[in-house]
Amino acid sequence: MRFGLVVNPVAGLGGRAGLKGSDGADVQARARALGAVPRAGERAALALAELRSRLGPAVEVRTADGAMGADAVRAAGLVPVVVCLPGDPTTGADTRAAAAALAPQVDLLLFAGGDGTARDVLDAVGDTVPVLGVPTGVKMHSAVFAVHPRAAGEVAALFAAGAGTRPAEVMDLDEDAVREGRVSARLYGHMAVPDVPVRVQQRKMGGSVTSPSSVAGIAAELAGRAGPSGLLVLGPGGTMRAVAAALGADVPVMGVNVLRDGRPVAVDVASAALEKLVRSSPAWLAVTPIGGQGFLLGRGNQQISPDVVRAVGRDRLAVVATEAKLAGLGGRPLLVDTGDEDLDDELRGHVPVLTGHGRVAMYPVH
């Protein structure tokens with residue numbers, strides 16, 4: 001079986017910087033100025049290393065040259081078959097050209113990026129070849145991504161062993177609208193992905209109706225834990241914004257926000273500034289799973305970096321969800337993909353999920 005690989009080298013660059021995405025040269029330049037480091041190639045190599053461990057070193061990977069694929073293939077201990085030369089710097093046009101060149105030559109096309117990259121691949125290949133996303137972007141609301149880079153390698157190996165395919169949605173947000181506080185998602189189409197439940201993520205689902213009493217109870221519990229002098233860090237999402245409102249604060253829905261005694265200390269904060277805050281004062285960190293997907297960390301909240309989680313302390317990480325949101329997962333586990341495999345392992349297991357005042361449900365994290 002022949003595999004293809006396309007890497008978007010700048011995918012996810014805006015995540016740690018809290019820029020809501022990485023589309024556009026201006027956003028990428030700003031992210032680099034804020035200290036962001038590209039990790040798409042590293043995560044692609046992790047997926048290929050897993051594939052190599054399962055299928056052996058003779059795995060054939062056709063790809064674009066340099067940072068758009070060949071570098072990651074070599075980093076995984078494989079020999080790339082280079083079929084196209086991208087420009088410098090690379091753009092979405094290079095992604096589309098590489099995908100179009102590879103599609104007729106491969107049995108499964110892997111791509112490392114986020115929702116914007118998925119759209120480019122969709123435009124280039126449609127449903128002519130099965131694809132699988134290695135998650136390296138900021139949002140990844142589409143259902144074409146594996147739940148983790150290593151899971152991408154696992155799924156690719158299962159596909160080589162005979163797993164079938166299913167149609168999966170390609171979704172994307174308007175990044176400019178998100179930066180203005182408006183959440184506007186759109187379905188762009190479908191691509192065929194390997195049918196491996198649990199290891200390939202679901203699409204992001206819209207928010208369910210939130211019970212005011214549940215939110216008020218969650219807010220009271222979190223305020224009591226943080227105390228009047230401690231910091232309360234709230235991850236993104238409608239549930240967390242409702243919690244902030246119950247505490248008397250109006251905060252951006254897509255940002256990471258920090259409160260003290262119900263008043264904003266920092267809003268829409270980036271990773272570096274957030275780490276300084278939580279190291280300066282005792283803090284609680286509250287996150288809620290993405291509806292339908294179940295991700296706690298690693299999707300849309302990369303500002304909450306592994307260093308931030310460790311600075312806060314595992315025992316001060318509060319998982320928050322209404323009972324309706326948990327029910328919407330259909331029994332699927334919560335997920336973590338922080339980019340730090342040791343931290344991911346520490347976070348896995350069963351965790352208490354705060355669902356209301358004095359109400360806790362134990363739920364698995366994978």
Side-chain angles (χ1 to χ4, degrees), residues 12 14-21 135 137-141 173 178-179 181 183 204-205 207-208 210 214-215 218-219 221-223 225-226 230-247 249-260 262 264-278 283-322 325-326 329 334-340 343-344 347 351-355 363 365:
R16 292 278 190 262
L19 298 181
K20 316 299 188 299
V138 175
K139 306 175 296 294
M140 290 166 289
H141 288 180
L173 290 176
V178 169
R179 294 183 186 106
V183 180
K204 200 272 187 193
M205 302 294 290
S208 57
T210 303
S214 295
V215 169
I218 291 170
E221 290 277 356
L222 292 175
R225 295 181 187 187
L231 297 177
L232 177 58
V233 180
L234 301 178
T239 300
M240 303 314 300
R241 189 184 191 191
V243 166
L247 295 172
D250 182 17
V251 299
V253 67
M254 296 297 288
V256 174
N257 305 289
V258 185
L259 309 181
R260 177 180 278 120
V265 173
V267 297
D268 208 1
V269 63
S271 179
L274 180 59
E275 185 180 347
K276 289 181 181 178
L277 278 170
V278 298
W284 274 85
L285 169 60
V287 294
T288 190
I290 293 177
Q293 291 185 337
F295 278 98
L296 294 176
L297 295 166
R299 299 290 188 275
N301 60 4
Q302 287 95 336
Q303 306 96 308
I304 304 173
S305 67
D307 288 340
V308 168
V309 176
R310 288 196 171 94
V312 170
R314 175 66 184 83
D315 58 338
R316 286 175 170 256
L317 172 63
V319 178
V320 170
T322 62
K325 177 175 274 192
L326 288 181
L329 294 175
L334 300 176
L335 300 166
V336 289
D337 179 16
T338 65
D340 182 319
L343 179 60
D344 288 349
L347 295 172
V351 298
V353 180
L354 183 60
T355 61
Y363 208 89
V365 176

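Predicted model only: the values in this text are computed from it and were never measured.
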Partner of Asn257 under side-chain contact (heavy atoms from CB on, under 4.5 Å), chosen from Val267, Val233, Leu274: Val267
Any donor-acceptor pair under 3.5 Å from Asp250 side chain to Ala245 backbone: no
Determine the minimum heavy-atom distance between Leu232 and Ala226, stating which atoms define it. CB-CB, 4.2 Å
Partner residues of Arg260 under the side chain to side chain donor-acceptor pair (under 3.5 Å) criterion, sequence neighbours left out: Ser281
For Val336 and Leu334: C-alpha separation, side-chain torsions, deciding distance, then whether side-chain contact (heavy atoms from CB on, under 4.5 Å) applies. CA-CA 7 Å; Val336 289; Leu334 300 176; over 6 Å; no
Strictly distance-based, threshold 3.5 Å: is any side-chain N or O of Trp284 a donor or acceptor partner for the main-chain N or O of Arg225? yes
Atom of Met140, atom of Gly298 and distance for their closest heavy-atom approach: CE-O, 4.0 Å
Show me the side-chain donor-acceptor pairs of residues 305-313 shorter than 3.5 Å, one per line, residues at least two apart or across chains.
from, atom 1, to, atom 2, distance (Å)
Ser305, OG, Ser271, OG, 3.3
Ser305, OG, Asp307, N, 3.4
Ser305, OG, Val308, N, 3.2
Arg310, NH1, Asp340, OD2, 2.9
Arg310, NH2, Asp340, OD2, 3.3

Only counting residues at least two apart or in another chain, list the ones meeting salt bridge (Lys or Arg N to Asp or Glu O under 4.0 Å) with Glu221. none
Tell me the salt bridge (charged side-chain N to carboxylate O under 4.0 Å, His left out) pairs involving residues 287-296, sequence neighbours left out? none
I'd like to know whether Leu247 forms a side-chain contact (heavy atoms from CB on, under 4.5 Å) with Leu259, so could you lay out the CA-CA distance, the side-chain angles of the two residues, the decisive distance to 0.1 Å, and finally the verdict. CA-CA 9 Å; Leu247 295 172; Leu259 309 181; 4.0 Å; yes
Spell out, as yes or no, whether a donor-acceptor pair under 3.5 Å connects the side chain of Asn301 to the backbone of Leu296. yes
Indicate the atoms forming the closest heavy-atom contact of Val251 with Ala244, along with that distance. CG2-CB, 3.6 Å
Has the side chain of Asp344 got a donor or acceptor atom that lies under 3.5 Å from a matching backbone atom of Thr338? yes
Could you work out, with side chain to side chain donor-acceptor pair (under 3.5 Å) as the rule, every residue matching Asp337, not counting sequence neighbours? Arg43, Arg299
Find out whether Leu234 and Val256 are in side-chain contact, i.e. whether some heavy atom of one side chain is under 4.5 Å from a heavy atom of the other. no
Which residue in the set Leu285, Val351, Leu354 passes side-chain contact (heavy atoms from CB on, under 4.5 Å) when paired with Val319? Val351
Tell me, please, which residues at least two apart from Asp315 pass salt bridge (Lys or Arg N to Asp or Glu O under 4.0 Å). none
Could you walk me through whether Val265 and Leu277 pass side-chain contact (heavy atoms from CB on, under 4.5 Å), step by step? CA-CA 9 Å; Val265 173; Leu277 278 170; 4.3 Å; yes
Are the side chain of Lys325 and the backbone N or O of Pro289 linked by a donor-acceptor pair below 3.5 Å? yes
Heavy-atom closest pair (Ala318 atom, Leu222 atom, distance to 0.1 Å) is CB-CD2, 3.8 Å
Exercise: identify the closest heavy-atom pair between Ala219 and Ala246: CB-CB, 3.8 Å
With side-chain contact (heavy atoms from CB on, under 4.5 Å) as the criterion, how do Thr322 and Leu326 come out once you've worked through the C-alpha distance, each side chain's angles and the decisive distance to 0.1 Å? CA-CA 7 Å; Thr322 62; Leu326 288 181; over 6 Å; no
Gap separating the CD atom of Gln302 from the CG atom of Leu297, nearest 0.5 angstrom: 9.5 Å
Mind listing the closest non-hydrogen atom pair of Val353 and Val320 along with its distance? CG1-C, 4.3 Å
